Amino acid sequence: MPEPHDQLRSLFQEAASTGQARARFAPVSLVTRRGERMRRRRIATLAVGACLVFAGTGAAAAALLPGTPGTSVPAVTPSPSKPTLTPTPVPTSPRSTSTGTGAPDPGRSSTGAPTTAPPRTGQDTSGASSAPTVGAPPASTDPPSTDPPSTAPPR
């Protein structure tokens, strides 16, 4: 059965006919601008996504590649503590063993006292002297050994 006259339905029909009468097409320039704006947004989104994928892949590859250093060394390495130089006692008695030839051992005088080289009179052109100077600390702080030299090969 047909519906009796419904006021709400008639109001909606009247609003629809008014809207259709007033409707116009949008200008072409407006439609073109909207399309360009959407296109630029899509391209920017794709570029950002590609950069994120590329950066993520590079970071993952760098983290997973073998041979990468796990820890880094400091930029400045600390210097080792300087050992204190303690004077070594010099033996006061001459050596009791002699070769029997009467010739003094190298580096020793006939009395057994250590000998030193005389100071150089000429100037070295390199600025550094290879010979020890008088008053310079000894190269080794170990006391001289009284044991006979070993015939074993060096280790």
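For clarity, every value in this text was computed on a predicted model and none was experimentally measured.
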Side-chain donor-acceptor distances from residues 43-59 under 3.5 Å, at least two apart:
from  : atom 1 : to    : atom 2 : distance (Å)
Thr45 : OG1    : Arg41 : O      : 2.8
Thr57 : OG1    : Val53 : O      : 2.8

Please assess Glu36 against Arg33 for the test salt bridge (charged side-chain N to carboxylate O under 4.0 Å, His left out), listing each intermediate value before the final yes or no.
CA-CA 5 Å; Glu36 287 294 320; Arg33 263 189 275 145; over 6 Å; no

CG of Leu8 to CD of Gln13: how many Å apart, nearest 0.5 Å?
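It is 10.5 Å, given to the nearest 0.5 Å.
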
Show the nearest heavy-atom pair for residues Ala26 and Leu30, with the distance to one decimal.
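Answer, listing the atom of Ala26 first, then Leu30: CB-CD2, 4.3 Å.
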
